[in-house]
Trainee: 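Below: one structure in structure tokens.
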Amino acid sequence: MTRDTVRFGQGLVTTKEFLAEGHNFCTGCGESLAIRMALKALGENVIMANATGCAEVCTTPMPYTSWRIPWMHTLFENVGAVISGVEAGLKISVEKGRLQERDVKLLAMGGDGATSDIGIQALSGAFERGHDFLYICLDNEAYMNTGIQRSSATPYGAATTTAPAGKLSIGQITRKKNMPAIAAAHSIPYVATASPSYRLDLMKKVRKGAEIKGPAYVHILVPCPTGWRHGGDVTVEIGRLAVQTGIFPLYEIEDGRYTLNADPLELRPVEEYLKLQGRYRHLTDPDIAQIQQMVNADYDLLKERVAAFPK
Ligand SMILES: Cc1ncc(C[n+]2csc(CCOP(=O)(O)OP(=O)(O)O)c2C)c(N)n1
Ligand SMILES: [Mg+2]
């Protein structure tokens with residue numbers, strides 16, 4: 001152990017911060033927490049590409065940057081293609097003898113919109129070609145930096161500016177797209193879900209994903225005080241409740257095999273999670289009962305997948 005490291009599970013993690021202070025993330029932003037943890041897990045030997053979204057807008061107001069690692073901004077839709085190019089370039093450099101070896105990790109990051117909507121084609125291609133990189137989706141369940149518009153990751157019943165709740169509408173009327181399952185369907189070696197409320201679990205998964213050869217995908221649910229309409233002081237609690245209610249279970253999919261990382265013996269009622277957030281304030285008791293049923297069914301399905309691969 002040196003002055004720059006602290007104990008982390010069986011190993012060590014740096015005390016350095018790679019996302020500098022002075023950024024413009026909102027108070028209590030779950031995304032900024034997740035980024036700090038992920039970068040600590042990876043260390044400084046990393047090249048990162050970042051799709052347009054809160055993480056980019058809040059960190060690089062001209063002429064400043066909060067990134068203490070090599071970082072590039074990509075379009076909203078093409079971070080999967082850009083990281084593919086970086087990886088291919090490094091590979092050629094090794095093949096041509098300009099580099100002895102590739103000793104740098106590659107990280108691509110995008111919001112839920114950049115990942116599950118507009119960037120899914122570029123990401124799918126990168127997975128299919130088998131580039132060696134880690135992709136992190138920071139899922140705050142809407143297009144937040146542009147004004148809380150719904151995405152395909154917005155959950156059923158949540159109010160957004162483009163799926164508002166009212167007399168005739170419950171808000172979002174579609175189900176949340178299952179992006180981890182879509183990533184796993186590419187037969188990539190590693191897929192996981194994570195939460196900044198479970199920080200050691202998050203950091204282990206990020207490190208594992210970056211170290212595994214080939215594409216890896218880590219989907220992180222990040223509470224958003226502005227878009228979800230909750231206080232910045234309950235961000236971590238809301239993240240924990242998402243897991244404990246079964247709304248956002250923590251699991252890994254390795255070569256198609258599912259493992260649950262946190263399996264509460266009894267799930268807490270979804271109402272405990274929903275009632276802390278203004279985006280769900282309009283829900284009636286029957287609406288909440290319906291969401292409870294959906295969550296139970298999804299959780300049962302996940303457990304069936306886990307049970308298919310006994311340890
Ligand atoms: C082709 C294109 N369409 C629209 C935009 C405007 N735009 C920038 S970021 C964004 C939404 C980002 O949402 P998400 O990926 O979920 O990231 P968040 O802001 O929530 O972190 C939109 C609509 C754009 N930059 N490019
Ligand atoms: Mg988003």
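In listed order, ligands and their atoms are each counted from 1.
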Trainee: I'd like to check whether Ala55 has a polar contact with ligand 1, where a contact means an N/O of the residue lying under 3.5 Å from an N/O of the ligand.
Mentor: no

Trainee: Tell me: protein heavy atom nearest atom 6 (C) of ligand 1, and distance?
Mentor: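 Scanning the protein heavy atoms, the shortest distance from atom 6 (C) of ligand 1 goes to Thr146 CG2, 4.1 Å.
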
Trainee: Looking at atom 3 (N) of ligand 1, what's its closest protein heavy atom, distance included?
Mentor: Phe76 CD2, 3.8 Å

Trainee: Show which atoms of ligand 1 fall inside a sub-4.0 Å distance from at least one heavy-atom site of Asn140.
Mentor: 18 (P), 20 (O), 21 (O)

Trainee: Give me the ring orientation class for Trp228 and His230: parallel if the planes are under 30° apart, tilted from 30 to 60°, perpendicular past 60°.
Mentor: perpendicular

Trainee: Could you check whether Asp132 pairs with Arg102 (Lys NZ or Arg NE/NH1/NH2 to Asp/Glu carboxylate O, under 4.0 Å)?
Mentor: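 Judged by the 4.0 Å cut-off on N to carboxylate O distance, Asp132 and Arg102 do form a salt bridge.
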
Trainee: Can a salt bridge be assigned to the pair Glu44 and Arg68 using a cut-off of 4.0 Å between side-chain N and carboxylate O?
Mentor: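 Salt bridge: no.
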
Trainee: Which residue supplies the protein heavy atom nearest to atom 21 (O) of ligand 1, what is that atom called, and how far is it?
Mentor: Cys54 N, 3.0 Å

Trainee: Sequence neighbours excluded, which residues qualify as side chain to side chain contact (heavy atoms under 4.5 Å, CB included) partners of Thr146?
Mentor: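 With sequence neighbours excluded, Thr146 shows a side chain to side chain contact (heavy atoms under 4.5 Å, CB included) to Tyr143, Gln149, given in chain and number order.
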
Trainee: Give me the residue, atom name and distance of the protein heavy atom closest to atom 19 (O) of ligand 1.
Mentor: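 The closest heavy atom on the protein side is Asn145 ND2, 2.8 Å.
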
Trainee: Atom 14 (P) of ligand 1: which protein heavy atom is closest, and how many Å away?
Mentor: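 Going by distance alone, atom 14 (P) of ligand 1 is nearest to Gly113 N, 3.5 Å.
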
Trainee: Could you tally the protein N/O/S atoms lying less than 2.8 Å away from the Mg ion (ligand 2)?
Mentor: 3

